[in-house]
Amino acid sequence: MQILIALVSLLNVMLLPPQGGVQDQQPAKASIVFAGDAMQHGPQLETARRSGGVFDYSGCFDEIAPYVSAADYAVVNLETTLNNTDFTGYPCFSSPVSYAKALQDAGFDMALTANNHTLDRRDAGLRRTITYLDSLGLDHIGTYPNAAARAKALPFIKNINGIKVGFINYTYGTNGIRVQGDVVVDYIDRDVIARDITAARRAGAEILIAIPHWGAEYHLIPGDDEKSLAKFLCDKGVDVVMGGHPHVVQPMEMNTTTSGKNQLVVYSLGNFVSAMRDRDCRGGAMVKVNISRDAQGQAKVDDAEYRLVFTIPGENGRRSHRLITVDSESDYARAGSLSSNCRAFTESAMKLFGEHNRNVPRHAGK
């Protein structure tokens with residue numbers, strides 16, 4: 001009899017669901033906000049400069065901070081190197097660490113570093129940037145001090161409200177500046193990307209987000225190369241493709257596969273903040289992506305929205321450049337003397353999105 005009881009107990013244990021299996025997973029939801037190119041041109045440096053070598057970015061991101069901070073995770077493209085001296089704008093960017101701190105204070109959790117300006121101060125500038133980001137506690141991907149550091153950092157998977165989200169970031173180039181030593185820049189290479197996707201999935205990524213720095217500057221419509229790479233990424237199972245580099249917004253598409261899976265492609269978020277003055281470069285879009293994992297364990301992209309932002313120039317020695325949100329007609333007045341420029345930027349973006357966006361609506365309300 002004792003043998004029979006023992007066998008029954010063993011059978012019951014074998015039939016229990018595995019710990020951490022689908023039965024143990026609880027429904028989860030999370031939101032991720034993405035912002036475009038955080039530039040730091042010469043005029044931005046000058047309006048932030050204060051006596052004693054201090055650079056003050058207070059007020060720069062105050063208006064967008066509530067939206068960014070309300071997200072469970074927020075990502076921005078840091079299109080400059082960081083330093084504690086010798087600051088420069090275009091064409092070779094070098095910015096104060098306080099600029100990155102201001103982005104962090106606005107609610108950003110990750111700074112992307114794979115872009116065409118990451119080697120503006122050569123290998124040493126790339127290493128310094130990583131060191132400063134680490135000192136702030138900001139997540140970052142895209143460049144690494146050496147191959148061993150890349151191998152340790154990737155796959156980069158963030159647990160966001162119980163959902164494991166993988167991030168990968170690549171750039172088309174670095175303005176002709178070449179790596180001189182052992183630092184690593186993640187350039188767009190389909191073989192490397194395919195391996196990184198496989199590694200992220202094997203490491204448990206439920207949602208995978210690819211962020212390519214690509215495309216032709218100032219073009220409102222993506223080219224064939226970007227469309228081809230977007231298809232490659234989606235065919236490999238990437239859930240979100242979030243592009244940047246053209247300094248202008250480009251179309252957004254939420255597509256559904258034959259299996260019912262949503263895949264989001266945003267070709268370009270445009271500028272987040274800059275000193276550019278061309279109509280379509282004065283602002284950009286922030287995109288919020290909502291994801292979830294249901295009680296059956298299936299993680300998915302639910303939906304997405306965009307919100308337009310516009311840059312107001314600062315005043316030397318008094319106030320840095322600052323961002324305003326543009327959600328409705330009434331917001332143009334808040335741009336002051338630039339209200340007509342704000343209207344022109346917004347109407348151009350809305351026309352583009354109205355003609356080409358697919359299932360990605362504009363943010364409703366404040």
Side-chain angles (χ1 to χ4, degrees), residues 29-39 59-77 79 102-103 105-112 160 209 211 220 240-244 246-254 262 264-274 276 279-291 301-312 321-335 338-339 341-366:
K29 293 183 178 180
S31 60
I32 308 172
V33 163
F34 297 87
D37 302 335
M39 313 298 297
C60 182
F61 304 115
D62 282 0
E63 186 163 320
I64 59 90
Y67 186 74
V68 174
S69 297
D72 296 301
Y73 198 72
V75 181
V76 64
N77 174 44
E79 195 147 357
L103 289 165
D105 290 344
F108 287 103
D109 303 288
M110 173 186 279
L112 304 167
I160 307 176
I209 299 172
I211 310 170
L220 294 171
V240 175
V241 179
M242 193 65 59
H247 299 302
V248 298
V249 296
Q250 291 182 346
M252 311 170 183
E253 306 170 351
M254 181 75 80
N262 283 341
L264 173 66
V265 177
V266 175
Y267 284 101
S268 175
L269 291 167
N271 284 330
F272 180 52
V273 60
S274 79
M276 292 184 174
R279 179 194 67 186
D280 295 317
C281 299
R282 285 183 175 268
M286 295 187 294
V287 169
K288 181 169 74 172
V289 181
N290 294 308
I291 62 176
V301 173
D302 292 321
D303 52 47
E305 66 171 26
Y306 70 87
R307 191 172 192 181
L308 296 178
V309 295
F310 183 82
T311 300
I312 305 293
H321 284 53
R322 63 188 175 92
L323 283 173
I324 64 170
T325 53
V326 189
D327 296 316
S328 66
E329 179 81 17
S330 63
D331 289 329
Y332 299 142
R334 295 188 302 109
L338 293 178
S339 59
N341 301 92
C342 183
R343 180 187 295 274
F345 159 74
T346 304
E347 289 181 349
S348 176
M350 293 302 297
K351 182 177 185 295
L352 176 77
F353 292 157
E355 292 175 355
H356 297 282
N357 269 22
R358 186 181 303 148
N359 302 319
V360 184
R362 190 179 187 181
H363 170 74
K366 295 293 184 182

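In this text, all values refer to a predicted model and were calculated from it rather than measured experimentally.
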Fill in the blank from the handout: Output for pair (Leu352 CG, Gln250 CD), nearest 0.5 Å, gives 8.0 Å
Problem - Donor-acceptor under 3.5 Å (Ser268 side chain, Val248 main chain) - result: yes
Exercise for the section: Check whether any side-chain heavy atom of His247 sits under 4.5 Å from a side-chain heavy atom of Ser274, and report yes or no. Expected result: no
For residues 66-75, which side-chain N or O atoms pair as donor and acceptor with protein atoms under 3.5 Å away, sequence neighbours left out?
| residue | atom | partner | partner atom | Å |
| --- | --- | --- | --- | --- |
| Tyr67 | OH | Glu305 | OE2 | 2.5 |
| Ser69 | OG | Ala65 | O | 2.9 |
| Ser69 | OG | Ala106 | O | 3.1 |
| Asp72 | OD1 | Asn161 | ND2 | 3.2 |
| Asp72 | OD2 | Ser31 | N | 2.9 |
| Asp72 | OD2 | Ser31 | OG | 3.4 |
| Asp72 | OD2 | Asn161 | ND2 | 3.3 |
| Tyr73 | OH | Asp139 | OD2 | 2.6 |

Handout entry: Phe310: partners by ring-ring contact (aromatic ring centres under 6.0 Å, His included), with sequence neighbours left out
Key = none
Practice task
Check whether any side-chain heavy atom of Asp331 lies under 4.5 Å from a side-chain heavy atom of Ile324, and answer yes or no.
Solution key: no
Practice task
Going by the side chain to side chain contact (heavy atoms under 4.5 Å, CB included) test, name the single residue among Ile312, Thr311, Leu338 that passes it with Arg282.
Solution key: Leu338
Handout entry: Least distance between heavy atoms, Tyr332 atom then Ser339 atom
Key = O-CB, 3.2 Å
Problem - Distance, nearest 0.5 Å, that separates CZ of Arg322 from CD of Glu63 - result: 7.5 Å
Exercise for the section: Would you check if Asn290 and Lys29 make a side-chain contact, meaning some heavy-atom pair closer than 4.5 Å? Expected result: no
Problem - side chain to side chain contact (heavy atoms under 4.5 Å, CB included) partners for Arg362, two or more places apart - result: Tyr306, Leu308, Val326, Thr346, Met350
Handout entry: Side-chain touch Ile64/Thr325, heavy atoms, less than 4.5 angstrom
Key = yes
Handout entry: Ile291 side chain near Val289 side chain, heavy-atom distance below 4.5 Å
Key = yes
Completion exercise
One should read off an interatomic distance between Leu264 CG and Met252 CE, to the nearest 0.5 angstrom, of 8.5 Å
Practice task
Could you tell me whether a side-chain N or O of Asp37 sits under 3.5 Å from a main-chain N or O of Glu79, the two making a donor and an acceptor?
Solution key: no
Practice task
Answer yes or no: is there an ion pair linking Lys351 with Glu355, defined by an N-O contact shorter than 4.0 Å?
Solution key: yes
Handout entry: Closest approach of Met242 to Ile211 (non-hydrogen atoms, all atoms of both residues)
Key = O-CG2, 3.1 Å
Exercise for the section: Taking all non-hydrogen atoms of both residues into account, name the closest pair between Ala285 and Val249 and its distance. Expected result: N-CG1, 3.8 Å
Exercise for the section: Could you check Ile32 against Ile209 for side-chain contact (heavy atoms from CB on, under 4.5 Å), going step by step and ending with a plain yes or no? Expected result: CA-CA 11 Å; Ile32 308 172; Ile209 299 172; 3.9 Å; yes
Practice task
Indicate yes or no: at least one non-hydrogen side-chain atom of Glu253 is less than 4.5 angstrom from one of His356.
Solution key: no
Problem - Test side-chain contact (heavy atoms from CB on, under 4.5 Å) applied to Leu323 and Phe272, step by step - result: CA-CA 8 Å; Leu323 283 173; Phe272 180 52; 3.4 Å; yes
Handout entry: Flag, side chain of Asn271 to backbone of Gly284, donor-acceptor distance under 3.5 Å
Key = no
Fill in the blank from the handout: Residues Leu220 and Ser348: closest non-hydrogen pair is CD1-OG, 4.4 Å
